[in-house]
Amino acid sequence: MPLLAVYTELKKVEEIVGVYRDLASISLPTSAQVRSVDDQFLAVTTQWSQRDLEKSEKTNFTVNYILNAQDYSVLIKTPSQEVKNEIWKKESPSGKYHAVVTSWKNKKGEEKQFIEIWNSQGKIKNYDVCSQEKHGKVNNKDDTFGCLQWSNNEEKLLYTSERKLPKTKSFFGTTNGNDDKKEEKDIVLGKEHYTVEDWGEQLVKKSCSVICILDIKSGTIEVLDTPADLSCGQACWGPEDNTVVFTGWNNDPFRLGLKYCTQRQSAVYTYDLKTQKITSISDKTQSSRSPNISPDQSKLVYFDQPIGGAHKQCSRLKMYDFKTQTNQVILDIVHRPKDEVCNGIYEDVLMSRCWSHDSKQIILSTSYRSRTVLYCINVETKTVRQLNGGIKDGSSSIVDIYKDIIIISCTSPNTPQHLMVGKLLSNPGEEIKWHYLNQPEIDNNISFHLSSHQPTTDRKHSKYGYLDYETILVLPKTTDDKKPPLILFPHGGPHTTFDTLYMMYVAGFCKCGFAVLMVNYRGSLGFGQDSVESILGNIGDQDVKDCKAAADEIISKGLVDGQKVFMFGGSHGGFLTTHLIGQYPDFFQAGCCRNPVTNLTVMTGVTDIPDWVYVESGFDYNHSCLLNPSYSEEMWKRSPIRYVDQVKAPLLLMIGKDDLRVPPSQAKEYYRALKTRNIKTRLIEYEDNCHPIVKVDSEADAFVNIMLWYKEHS
Ligand SMILES: CC(=O)N[C@@H](C)C(=O)N[C@@H](C)C(=O)O
């Protein structure tokens with residue numbers, strides 16, 4: 001390479017790395033808890049996360065605020081305090097104590113887990129919970145199984161862990177001299193290689209979760225006697241701490257991946273702590289989750305949706321009354337949106353605190369077209385209203401509510417998430433006055449525009465012809481008349497959505513000079529259940545054409561350079577990337593995808609969600625389904641690899657080597673197909689990454705490689 005070219009190349013790399021470094025240094029709030037100290041003061045604890053590129057890890061820290069309880073002005077803000085080894089922290093109802101679950105490696109490198117109890121003087125108890133050998137590893141803070149709940153009398157803690165498995169050793173193992181007789185008896189022979197099923201992608205080694213109660217005074221642990229065919233989670237205390245309410249996922253006949261899949265068979269149960277009786281309180285024909293008890297303990301709300309079908313869908317909000325032992329629907333599934341207020345609920349879980357103080361209203365946030373908006377739902381009148389708050393056309397979500405003081409997180413594509421505080425008002429007509437906890441850092445070099453798109457007559461859905469869809473165009477500020485090149489970016493799923501959030505990669509692409517068009521094609525969440533269903537059996541066609549038509553529309557408006565269009569997407573977004581470069585070979589300069597689905601016919605046997613392949617291809621699924629030639633034929637017709645002969649655009653493929661959702665073989669097969677056809681391609685494999693590729697160093701490396709690939713092929 002001539003010296004000048006080497007220098008130019010290095011400069012390019014330096015600039016991209018510089019952009020990434022700046023963005024990676026932004027810290028973002030992850031959670032917050034508000035508490036009233038007295039009539040004059042409010043205390044807010046906030047948790048934050050920031051990428052540390054030098055250490056290749058995420059740094060977590062807390063910042064505490066004391067606010068004036070009248071006008072919410074910040075009186076004191078403590079310096080940031082780094083948090084290490086902490087899995088979970090929960091304040092007791094009175095605020096006197098904190099329970100902290102910590103994880104720590106001893107000198108032998110073995111992982112130890114503790115539950116620590118703190119008061120204002122320091123640590124008052126520390127329990128090595130696994131050493132009692134009552135259960136396996138304690139679950140971490142995930143939305144599926146994890147929970148940590150104080151009893152109302154502050155004497156007990158509810159948490160979940162893996163069920164204890166018998167110890168096993170080889171048929172040929174010699175007895176260890178230190179084993180006492182009892183331990184010998186408990187050891188089973190020759191089962192160390194038996195498969196232990198788990199719940200798949202991002203839930204590896206989560207096999208059968210059980211509910212545990214720690215008695216804080218004595219340190220004794222009780223593991224609730226729940227059936228072995230249920231994996232239990234999302235537990236909370238029932239009225240007067242006499243029962244435990246939880247979600248149970250059915251293991252039978254085998255587990256399918258749970259991540260991004262709320263359609264799995266699950267129900268809400270109560271466990272009577274005196275009689276040990278388990279009762280299902282939700283409709284057995286539905287998939288129910290996320291029970292949440294009212295402050296007056298008279299009722300609980302939860303979500304449900306049909307079992308099976310699309311991996312994420314519109315859910316109902318239901319309420320169970322403990323006294324009458326009856327259920328009612330508070331907010332139903334919205335098939336076809338009919339007002340400007342709510343298009344239905346699309347969340348996995350409710351926030352752990354979501355009730356108003358009078359136990360009459362629920363605060364939640366969910367997608368409304370391409371924005372996350374705040375809702376207040378009155379459970380008595382069943383009325384829904386949107387709450388004001390946040391940036392125009394941006395997104396706001398609930399972070400915490402306590403005694404009607406609400407913390408929200410506000411954001412938009414040019415404004416990183418920041419926290420605001422306000423008070424829920426009794427008069428629904430009055431607007432909430434929001435106050436900043438931290439000031440947002442708006443990037444004035446980036447702008448964004450929401451557009452709705454009407455499919456042309458030939459593209460209208462035969463049953464749901466009224467459906468439209470949306471895009472979010474994110475534009476860099478340009479100093480000359482040159483139009484920016486365009487990155488067309490459809491989301492994965494396909495049943496997820498792009499809300500008007502700040503996304504580091506999108507902001508980074510803009511800062512490197514690209515416009516980004518994020519497409520919420522028909523099938524995305526937030527547009528009603530009809531939209532979700534419209535794509536089943538239409539993947540590879542309806543979604544592909546929606547993306548192409550949206551790009552054409554934006555180009556025709558003269559906002560971007562139509563001669564320089566690039567594709568980007570992960571997973572189902574990678575499926576769309578490979579489809580689009582195959583179906584429209586002259587339209588794209590280059591493409592890049594993360595863990596793409598490229599060949600549906602060979603995916604059913606290797607993914608943790610074979611049902612996804614059947615359902616999205618237009619078939620019903622049950623656990624005994626076997627792939628046959630007629631399924632395969634349809635799956636082939638819908639697969640991007642079918643068009644590989646037509647591809648012209650150079651393609652960068654990135655895989656997480658531990659991906660269980662879309663196994664690396666999907667990208668590898670496509671890579672080989674391109675190579676033999678002399679199409680320029682590169683495959684990057686990230687160790688220790690699964691489906692999302694979000695390890696700090698890998699995410700950073702991927703960003704620079706994507707930008708270099710696009711620049712090289714501009
Ligand atoms: C349900 C699911 O995981 N589908 C994948 C094929 C997918 O597209 N995943 C999305 C959520 C992603 O962006 O990774």
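Whatever order the structure lists them in is the order used to number ligands and atoms, beginning at 1. Because the structure is a prediction, the values reported are computed rather than measured.
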### Identity of the nearest option to atom 1 (C) of ligand 1, non-hydrogen atoms only, from His311, Gln263, Glu616
His311
### Task
Classify the angle between the aromatic ring planes of Trp199 and Phe145 as parallel (below 30°), tilted (30 to 60°) or perpendicular (above 60°).
tilted
### Query
Between Arg371 and Asp499, which heavy-atom pair has the shortest distance, and what is it?
N-OD1, 3.4 Å
### Task
Pick whichever of Arg661, Arg594, Lys259 has a heavy atom sitting closest to atom 2 (C) of ligand 1.
Arg661
### Atoms in ligand 1 with a heavy atom of Ile609 nearer than 4.0 Å
1 (C), 2 (C)
### Query
What's the shortest heavy-atom distance between Thr160 and Cys147, and which atoms?
CG2-SG, 3.6 Å
### Summary
atom 14 (O) of ligand 1: closest protein heavy atom, distance to 0.1 Å, is His691 NE2, 2.9 Å
### Query
Short list, please: which atoms of ligand 1 are under 4.0 Å from a heavy atom of Tyr260?
3 (O), 11 (C)
### Message
What I want to check is whether the side chains of Glu347 and Thr366 have a donor and an acceptor closer together than 3.5 Å.
### Response
yes
### Task
Return a yes/no value for His572: is any of its N or O atoms, backbone included, closer than 3.5 angstrom to an N or O of ligand 1?
yes
### Task
Tell me which one of Ser571, Pro596, Gly257, Gly493 gets a heavy atom nearest to atom 4 (N) of ligand 1.
Gly493
#### Entry: Trp612 contact mode with ligand 1 (heavy-atom cut-off under 4.0 Å)
side chain
### Query
Considering residues at least two apart in sequence or located in another chain, which fulfil the side chain to side chain contact (heavy atoms under 4.5 Å, CB included) criterion with Pro692?
Glu201, Gln202, Tyr260, Cys690, Val694
### Query
For residues Ser209 and Asn139, is any side-chain donor paired with an opposing acceptor at under 3.5 Å?
yes
